[in-house]
Undergrad: 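Dropping a structure here in structure tokens format, bear with me for questions.
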Number of protein chains: 2
Amino acid sequence: MKKLIKKKYNLTVVATDVAIFTIKDGELNILLIKMQKKPFLKQWALPGGLVTVDESVDSSAKRHLFSKTGLKKIFLEQLYSFGEVNRDIFGRVVSVAYFALIPNVDLVLKTTKEYGGVDWFPVNSLPKLAYDHKEIVSVAVSRLRNKIEYTNIVYSLLPKEFTLKQLQDVYEIILNKTVDKRNFRKKFLSLGLITKTANFTTGGTHRPAQLYTFKNKKPQEVNTL
Amino acid sequence: MKKLIKKKYNLTVVATDVAIFTIKDGELNILLIKMQKKPFLKQWALPGGLVTVDESVDSSAKRHLFSKTGLKKIFLEQLYSFGEVNRDIFGRVVSVAYFALIPNVDLVLKTTKEYGGVDWFPVNSLPKLAYDHKEIVSVAVSRLRNKIEYTNIVYSLLPKEFTLKQLQDVYEIILNKTVDKRNFRKKFLSLGLITKTANFTTGGTHRPAQLYTFKNKKPQEVNTL
DNA sequence: CCAAAAGTGTTGCGGTTACACCCATGT
DNA sequence: ACATGGGTGTAACCGCAACACTTTTGG
């Protein structure tokens with residue numbers, strides 16, 4: 001009986017995987033790490049790893065996020081759990097996937113000896129991914145597209161101060177469609193989520209742009225677009 | 001069983017819990033089972049249990065749903081995963097919660113010797129729940145409220161043929177607000193999700209009501225209310 | 001004939017969409 | 001002065017909300 005239980009239950013482990021997004025070079029990018037072990041040698045994968053017995057699943061996701069980006073206190077939300085029997089060939093792994101949004105800042109990406117590298121990739125031209133990570137990315141992108149339309153999470157992708165143009169660009173990149181400039185500004189300003197700062201952009205060969213900042217950096221539900 | 005695993009192998013295990021909803025006596029009800037073991041003796045909990053090594057997490061949820069209701073092929077969707085370290089006092093258990101919707105039919109609920117009973121409870125007057133199941137129910141109810149507004153999942157809560165009044169009642173019960181009869185009918189009919197059948201209600205001391213049926217019993221995204 | 005629920009249209013308001021020109025700066 | 005992106009208003013349209021009376025049946 002004990003043996004039966006062992007066979008039947010104890011081989012399953014829990015992991016977390018994190019889809020970390022940023023806007024870079026006018027595209028939505030995701031952070032990937034390069035595998036060094038067979039059978040995924042030189043393939044790319046989402047950062048992640050096992051959940052230890054003494055950490056919560058949320059903490060595990062935070063830990064993996066921090067280990068690659070050095071960032072804490074950023075937008076991180078549970079996405080979906082993936083539990084097919086054969087999704088990981090090393091054994092039975094149930095993965096709780098998360099997605100994170102970080103502003104486009106120059107960031108020193110970190111890695112460990114365990115991996116062959118870490119880099120950003122545009123979500124529209126991804127390399128072949130290990131495991132079922134292609135599916136996870138697909139779910140993450142859908143979720144991001146949905147949430148940007150009825151929440152204020154876009155603040156997570158922008159620097160502290162930003163122009164209305166930058167804001168609009170983020171929407172256009174993520175939704176993959178153009179929006180009318182005047183309508184966009186009217187709508188977004190009427191939401192009351194952002195306020196003018198005292199500052200303007202400098203240096204462009206054109207009229208300086210007003211810089212804005214988010215009043216609130218807490219996730220809220222409000223129809224944006 | 002859980003205790004054995006924790007003590008002996010110091011492992012994290014994966015479980016599923018299912019929030020099964022139906023409309024009953026004009027209220028939203030949820031199915032609960034009665035615990036027979038300390039420390040939750042005589043407390044109520046969501047149906048669920050461990051994921052075996054040879055079944056997917058989805059299959060596990062389906063299995064637990066079937067074991068209590070005898071139903072297959074009903075609406076079942078992953079809700080959220082709960083992974084706090086101490087959420088289960090028997091050991092480290094990460095639970096993937098699901099929610100299910102079943103029509104209000106007379107259903108013979110089943111249980112096993114492991115539990116002291118199984119019954120429906122209105123979500124607005126629940127008994128004390130074991131584990132963190134109160135939180136799971138709360139997340140499930142929120143999700144249901146949200147999804148009923150932008151999908152057609154309401155079909156899962158109604159019998160094959162139903163009146164517009166029944167349909168409206170379901171919305172009013174779940175959203176906990178009244179809606180205008182004429183606007184509701186106009187809106188819902190214009191969505192094209194349902195069609196008239198050849199049948200009418202009989203027996204009431206009033207004008208018979210047209211019976212309708214859903215064209216499609218697949219989840220779709222369409223703004224309903 | 002009376003009670004009880006079914007069924008049916010119109011109007012006003014508000015939000016979304018479509019659309020084109022002037023402004024401030026650097027070179 | 002010219003090239004570049006920043007910044008602004010108005011009118012048409014459409015979906016949503018508000019609202020009351022007639023119909024059909026059973027008792």
Undergrad: Which whole-number value in Å describes the distance from A:F184 CZ to D:dT8 C1'?
TA: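 Nearest whole value for this atom pair: 16 Å.
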
Undergrad: On DNA chain C, check which nucleotide each of B:T205 and B:Q210 is closest to and give me the residue with the more 5' one.
TA: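 Looking at DNA chain C, the more 5' nearest nucleotide goes with B:T205.
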
Undergrad: State whether B:D169 and B:K165 are salt-bridged, where the test is any N-O pair (Lys NZ or Arg NE/NH1/NH2 against Asp/Glu carboxylate O) under 4.0 Å.
TA: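 Judged by the 4.0 Å cut-off on N to carboxylate O distance, B:D169 and B:K165 do form a salt bridge.
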
Undergrad: What orientation do A:Y80 and A:F82 show, parallel under 30°, tilted 30 to 60°, or perpendicular over 60°?
TA: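 The rings of A:Y80 and A:F82 stand perpendicular, inter-plane angle above 60°.
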
Undergrad: Using side-chain hydrogen bond (donor to acceptor under 3.5 Å, both in side chains) as the criterion, point out the one residue from B:D17, B:T16, B:D88 that pairs with B:S95.
TA: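 When B:D17, B:T16, B:D88 are each tested with B:S95, the side-chain hydrogen bond (donor to acceptor under 3.5 Å, both in side chains) holds only for B:D17.
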
Undergrad: Rounded to the nearest angstrom, tell me the gap between atom NE2 in B:H206 and atom C1' in C:dC2.
TA: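 Distance check: B:H206 NE2 to C:dC2 C1' gives 15 Å.
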
Undergrad: Evaluate the side-chain proximity of B:F188 to B:V154: yes if any heavy-atom separation is below 4.5 Å, no if none is.
TA: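 The answer is yes; the side chains approach within 4.5 Å.
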
Undergrad: Just so I know, are the side chains of B:I30 and B:V141 near enough to count as touching, which here means a heavy-atom distance under 4.5 Å?
TA: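 No; the side chains remain at least 4.5 Å from each other.
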
Undergrad: Would you kindly compare B:G204 and A:F200 by the position of their nearest DNA chain D nucleotide and give the one closer to the 5′ end?
TA: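 Its nearest nucleotide being more 5', the pick is A:F200.
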
Undergrad: Rounded to whole angstroms, how far apart are CZ on B:F162 and P on C:dA6?
TA: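 To the nearest whole Å, that distance equals 14 Å.
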
Undergrad: Do B:T213 and B:I194 have side chains that get closer than 4.5 Å, going by heavy atoms?
TA: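 They are not in side-chain contact.
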
Undergrad: Excluding sequence neighbours, so at least two apart, what forms salt bridge (Lys or Arg N to Asp or Glu O under 4.0 Å) with A:D132?
TA: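 Counting only residues at least two positions away or on another chain, A:D132 forms a salt bridge (Lys or Arg N to Asp or Glu O under 4.0 Å) with A:R87.
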
Undergrad: Below 30° counts as parallel, above 60° as perpendicular, anything between as tilted: where do the rings of B:F99 and B:F21 land?
TA: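 If you compare the ring of B:F99 with that of B:F21, the planes turn out perpendicular.
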
Undergrad: I need the B:I33 CD1 to B:H64 NE2 distance, nearest 0.5 Å.
TA: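 The distance works out to 9.5 Å.
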
Undergrad: Do any of residues 165-176 of chain B sit with a heavy atom less than 4.0 Å from DNA chain C, and if so which?
TA: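 DNA chain C contact set from residues 165-176 of chain B: B:K165.
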
Undergrad: What's the CG-C1' distance between B:L164 and C:dT8, to the nearest Å?
TA: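 Computing the B:L164:CG to C:dT8:C1' distance gives 12 Å.
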
Undergrad: Treat primed atoms plus P, OP1 and OP2 as sugar-phosphate and everything else as base, then score nucleotides 13-21 of chain C 5' to 3': B for base contact with protein heavy atoms under 4.0 Å, S for sugar-phosphate contact only, - for none.
TA: ---SBBBB-

Undergrad: Check the distance between D:dT24's P and B:R207's CZ and give it to me in whole angstrom.
TA: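 Interatomic distance, CZ of B:R207 to P of D:dT24: 5 Å.
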
Undergrad: Tell me which nucleotide among C:dT25, C:dG7, D:dG7 gets nearest to the side chain of B:A209.
TA: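 It is C:dG7.
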
